[in-house]
Number of protein chains: 2
Amino acid sequence: MNNFKPIKQIKASDEVFNQLREAIFSGRFSAGDKLPSERELIEKFAVSRTVVREAIKSLEARGLVVIKQGATGGAFVKEMTFDRLSSDCNDLFFLGKMSFNEICQARLHIEPIVAGLAAKHCTPEHAKLLLEANANESLTLEYPETVMLRSKIHYLLADMCNNRFLTAIDKSLIQLVGSISSKFQPDTDKIHPPGMHHSIIDAVIAGDEAGAEQAMRAHLLDFLVLLDGIEEEYRHTQ
Amino acid sequence: MNNFKPIKQIKASDEVFNQLREAIFSGRFSAGDKLPSERELIEKFAVSRTVVREAIKSLEARGLVVIKQGATGGAFVKEMTFDRLSSDCNDLFFLGKMSFNEICQARLHIEPIVAGLAAKHCTPEHAKLLLEANANESLTLEYPETVMLRSKIHYLLADMCNNRFLTAIDKSLIQLVGSISSKFQPDTDKIHPPGMHHSIIDAVIAGDEAGAEQAMRAHLLDFLVLLDGIEEEYRHTQ
DNA sequence: ATACGTTAAATGTATGACATATAACGTTTC
DNA sequence: GAAACGTTATATGTCATACATTTAACGTAT
């Protein structure tokens with residue numbers, strides 16, 4: 001008898017948000033497309049401008065659209081990228097939901113797998129890129145560039161694993177470890193001296209899946225020794 | 001000579017958003033706390049209500065606060081959870097940025113690791129929960145509950161790995177595979193007959209890390225055979 | 001003690017006005 | 001003809017005010 005469902009008083013702005021989101025997800029608007037202007041949306045949804053604007057603001061905050069001002073402006077559907085995952089990981093770390101140690105351990109488990117897959121799928125073009133990156137590693141440039149050079153190999157391998165989910169996760173972890181550790185110890189050479197990647201690259205280029213996995217694991221263990229104790233100090237100096 | 005920096009015309013609502021976000025991240029407001037009311041924020045930031053509201057809307061869309069209406073209402077800082085990652089994964093899949101196959105493969109690589117870690121950290125209480133879940137698995141209830149029962153073991157193991165990042169990733173994958181495959185084939189018994197988890201549980205409870213890893217991998221391979229071909233059919237029937 | 005109405009405090013919505021950003025077009029100037 | 005400049009049109013961004021709605025808490029009558 002008690003089958004009455006509660007009346008859900010959904011807010012108008014949320015309703016508009018939902019409908020627009022669905023339209024994007026269903027492909028009715030795809031990346032680069034412009035959503036109808038505020039004025040048109042007001043008419044179609046028969047709501048006030050306030051409501052439309054808040055809905056679009058939410059879409060923007062969720063990373064589904066970018067808003068451009070001006071004559072040819074409007075809300076344009078964004079090419080969805082895996083950056084969202086990275087940014088969320090950042091949030092989680094800074095809100096104390098993940099310890100630095102957990103991130104490092106996760107990377108220790110995942111990146112060897114990625115390296116193995118990279119070895120499995122390595123093409124001559126990939127090999128060329130890897131060797132190039134490896135040669136450039138010892139260059140010393142300005143601060144942020146050095147970090148980029150030093151982790152380039154890791155990003156390349158992530159791109160080679162042929163699985164966009166693993167690529168995204170791996171890149172998030174690499175980026176997170178990098179940004180956290182360099183915040184604490186800006187001297188790149190101390191936390192990651194150049195030339196630590198030779199054996200990994202050799203194995204990957206040889207297509208040696210197990211070898212690449214093993215080499216990456218060994219490298220990360222070495223690296224983590226250098227980073228040991230960083231988290232406490234970081235948390236202290238906050 | 002050309003050292004002039006471009007004037008960044010940051011929108012007022014974004015500025016308010018950023019300041020509030022920083023306040024949350026820095027711990028000035030923590031989970032459960034109430035942000036100042038719109039009226040107070042208007043005064044403190046010296047902006048219009050529109051701006052304040054849009055900023056708060058963005059915080060809500062990013063999952064940082066929940067907004068409650070009414071006398072004791074306001075914007076309350078949300079306990080940040082790993083659900084965000086899951087929701088991102090959902091978005092990415094539905095926007096076609098990940099194939100079902102990629103998700104399954106990622107799970108195939110990650111979940112055995114998680115199972116191994118679970119074995120490493122298994123306590124008697126954990127063992128009890130696992131055995132309970134295993135016993136309940138063959139019960140047949142209403143539709144959504146059955147799916148829950150059948151995947152309970154996986155969620156339990158995810159919680160046991162002692163690494164919140166891996167827990168979150170693993171759960172996202174489990175949830176995603178579950179929801180996608182059941183959308184295609186609602187008959188739970190066909191895609192995942194009960195009783196497939198015995199060997200995994202035995203190994204985990206025995207603390208046999210390698211064994212648990214191996215058992216999980218075998219289970220997933222079996223499972224994926226059943227799911228083979230789902231994606232194409234799914235994409236077609238869309 | 002329960003039921004009910006009142007009140008107060010918050011967010012939600014509507015509307016109109018004006019500010020600002022930006023591309024496109026036209027016009028002047030050389 | 002091309003570059004510089006002003007004009008205009010069309011977006012979004014901001015402000016201000018009024019009113020609607022939701023919700024908890026308090027008071028009051030039954």
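Numbered from 1 within each chain, the chains take letters A, B, ... in sequence-line order. What you see is a predicted model; the values in this text were computed from it and never measured.
Considering only side-chain N and O atoms, A/Arg53 lies under 4.0 angstrom from the phosphate OP1 or OP2 of D/dG13.
Salt bridge B/Lys11/B/Glu15: absent, no basic N to carboxylate O contact under 4.0 Å. B/Glu125 and B/Lys128 are not joined by a salt bridge, as no carboxylate oxygen comes within less than 4.0 angstrom of a charged side-chain nitrogen.
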Pairs under 3.5 Å (Watson-Crick or G-U), crossing ones as [ ], inter-strand ones as |: DNA chain D comes out as ||||||||||.|||||||||.|||||||||
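Proximity note for B/Ala71 (side chain, C-beta onward) versus D/dA24, C/dA21, C/dT13: the nearest is D/dA24. Looking at the side chain of A/Ile67, the nearest of the listed nucleotides D/dT14, C/dA14, D/dG13 is D/dG13.
Among residue pairs with one or both ends in residues 20-52 of chain B, none qualify as ring pair (Phe, Tyr, Trp, His ring centres under 6.0 Å); sequence neighbours excluded.
Nearest heavy atoms, A/Ala127 versus A/Cys122: N-SG, 4.1 Å.
With hydrogens and angles ignored, a donor-acceptor pair closer than 3.5 Å exists between the side chain of A/Thr50 and the base of C/dA14.
A/His154 and A/Ser151 share no side-chain donor-acceptor pair at under 3.5 Å.
Atom pair B/Lys11:NZ and D/dT12:C1' shows a separation of 8 Å (rounding to whole Å applied). Residue A/Lys68 contributes atom NZ, which lies 17 Å from atom P of C/dA21 at whole-angstrom precision. Taking atom CD of B/Glu40 as the reference point, atom C1' of C/dT11 lies 14 Å away to the nearest angstrom.
For the pair A/Lys171 and A/Tyr155, the cation does not sit on the ring face, since its NZ or CZ is not both under 6.0 Å from the ring centre and inside 45° of the axis.
Within the nucleic acid shown, A/Arg39 has no heavy atom closer than 4.0 Å to any nucleic acid atom.
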